[in-house]
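Keep in mind that the numbers below use all heavy atoms, side chains included, and drop hydrogens, waters and symmetry copies. Just so you know, ligand 1 is whichever comes first in the structure, and atom 1 is the first atom listed for that ligand.
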Amino acid sequence: MNGSCQYAEDLLLQPIWDKLHSHQDMLASPFFPVLFSFSANLLACAPYLLLDTMGPRWPFFHRYKLKPSHSIRPDTVLRSLSKIYYNHALFIFPVTLLCRGLRLERQMLQAPSISQLLTDVIVCLLLFDLLFFLWHLLHHQAPLLYRWLHSLHHQHASTYSLSAQYASAWEILSLQLLAVSIPHLLSCHPLSEMTFFLLNVWLSVEDHCGYDLPWSAHNIIPLGILGGAPFHDLHHQKHRCNYAPYFTHLDKLFGTYRKPARGNSVAA
Ligand SMILES: [Zn+2]
Ligand SMILES: [Zn+2]
């Protein structure tokens with residue numbers, strides 16, 4: 001890359017970072033992390049909830065539903081929403097308060113370059129995927145851990161977008177702590193940290209959305225690198241396979257990979 005291209009790449013994210021930096025008071029508020037997490041999750045779920053509401057009335061989208069005959073009942077949505085609210089208010093809020101207290105605010109004026117941001121986000125996603133894989137495997141191998149801490153998330157055998165956050169307080173807290181501590185330990189730029197956090201939320205909602213849409217990340221990124229909704233839906237049905245949240249390489253490496261076929265029957 002020549003000098004002028006490098007310079008342009010370095011400056012591309014600067015206006016976005018300057019804008020965010022100008023709202024420093026809001027970012028420093030103790031309420032920001034919990035509101036950011038709560039709203040990012042609901043916003044990511046909103047398009048899929050709309051598709052669920054419209055159902056067969058929108059045949060263009062409905063044909064991509066993994067289980068076309070499965071409809072979401074309003075009381076299931078209400079129960080999921082109250083669980084997400086409860087976990088955020090009673091557990092995530094106190095922990096993020098503590099983390100912010102321990103963490104020195106970084107007075108960074110320079111935005112990262114695009115290549116730096118991409119590297120940070122990919123490394124964070126790969127590391128999160130590995131640690132989640134180990135966490136998930138352990139919580140399925142140990143019957144008591146499964147029963148007490150992870151089985152709640154498996155109450156939704158047929159997932160929909162809000163299932164991503166429908167889990168025990170321990171599960172939400174430990175995975176949230178992983179997501180927060182990885183970029184912090186790697187000393188990522190706050191903009192990389194926010195991008196990783198948003199991507200993490202989006203991919204997790206895509207995993208549970210119940211739709212195999214052509215523009216989903218796992219269909220855009222080639223070679224089956226990402227598993228997406230069909231891969232994770234199979235985990236909710238069969239339990240003993242597809243433990244990784246996003247990438248497929250760890251399950252392939254450990255022999256726990258099962259390939260979902262169209263319509264979600266297992267391919268031979
Ligand atoms: Zn799940
Ligand atoms: Zn599981």
Side-chain angles (χ1 to χ4, degrees), residues 37-38 40-42 44-45 47-49 51-52 65-67 70 72 76-77 79-84 86-88 91-92 125 128-179 197-213 216-218 226-260 264 266:
S37 166
F38 189 72
N41 272 292
L42 291 192
C45 291
Y48 299 110
L49 289 173
L51 295 190
D52 291 334
K65 197 168 162 78
L66 294 173
K67 299 187 183 82
H70 178 247
I72 317 296
T76 308
V77 174
R79 211 171 34 248
S80 303
L81 283 173
S82 50
K83 184 76 188 157
I84 295 169
Y86 172 84
N87 280 342
H88 273 81
F91 300 100
I92 294 180
L125 279 175
F128 180 82
D129 196 70
L130 169 67
L131 296 173
F132 186 115
F133 175 84
L134 297 172
W135 182 101
H136 202 182
L137 196 63
L138 176 71
H139 284 72
H140 274 274
Q141 297 302 322
L144 284 181
L145 286 183
Y146 177 77
R147 201 177 315 144
W148 290 342
L149 304 171
H150 186 51
S151 61
L152 184 68
H153 183 62
H154 277 273
Q155 268 186 14
H156 293 170
S158 297
T159 60
Y160 78 114
S161 53
L162 291 171
S163 310
Q165 289 279 312
Y166 191 78
S168 68
W170 160 253
E171 178 161 349
I172 293 293
L173 254 187
S174 51
L175 298 179
Q176 191 95 354
L177 272 175
L178 270 186
F197 187 83
L198 288 174
L199 253 181
N200 207 15
V201 169
W202 180 256
L203 289 175
S204 157
V205 169
E206 264 201 352
D207 267 3
H208 293 88
C209 70
Y211 292 86
D212 187 11
L213 296 166
S216 297
H218 69 280
L226 292 176
F231 171 85
H232 192 68
D233 193 67
L234 210 48
H235 172 74
H236 275 260
Q237 289 177 53
K238 309 280 178 193
H239 291 210
R240 297 275 171 174
C241 63
N242 300 354
Y243 293 107
Y246 308 136
F247 298 97
T248 54
H249 63 280
L250 289 169
D251 282 292
K252 286 174 180 165
L253 202 68
F254 285 86
T256 50
Y257 176 72
R258 289 186 84 175
K259 185 180 179 185
N264 224 9
V266 184

For a ring pair (Phe, Tyr, Trp, His ring centres under 6.0 Å) with His153, tell me which candidate from His235, His139, His208 qualifies. His208
Counting only heavy atoms not in Trp135, do more than 12 fall under 6.0 Å of its CH2? yes
For the Zn ion (ligand 1), angle spanned by His232 NE2 and His153 NE2 (nearest 10°) is 160°
Judged by modelled atom types alone, do His218 and Asp207 share a side-chain donor-acceptor pair under 3.5 Å? no
Look at the N, O or S atoms of His139, main chain and side chain alike, and state whether any lies under 2.8 Å from the Zn ion (ligand 2). no
Using a strict 4.0 Å threshold on nitrogen-to-oxygen distance, state whether Lys65 and Asp52 make a salt bridge. yes
Restricting His208 to its N/O/S atoms, the closest one to the Zn ion (ligand 1) is NE2
min-distance N/O/S atom, His236 vs the Zn ion (ligand 1), resolves to NE2
Opening angle at the Zn ion (ligand 2) [NE2, His136; NE2, His235; to 10 degrees]: 80°
For the Zn ion (ligand 2), what is the closest N, O or S atom on His140? NE2
For a quick check under 3.5 Å, do Ser80 and Tyr160 share a side-chain donor-acceptor pair by atom type? yes
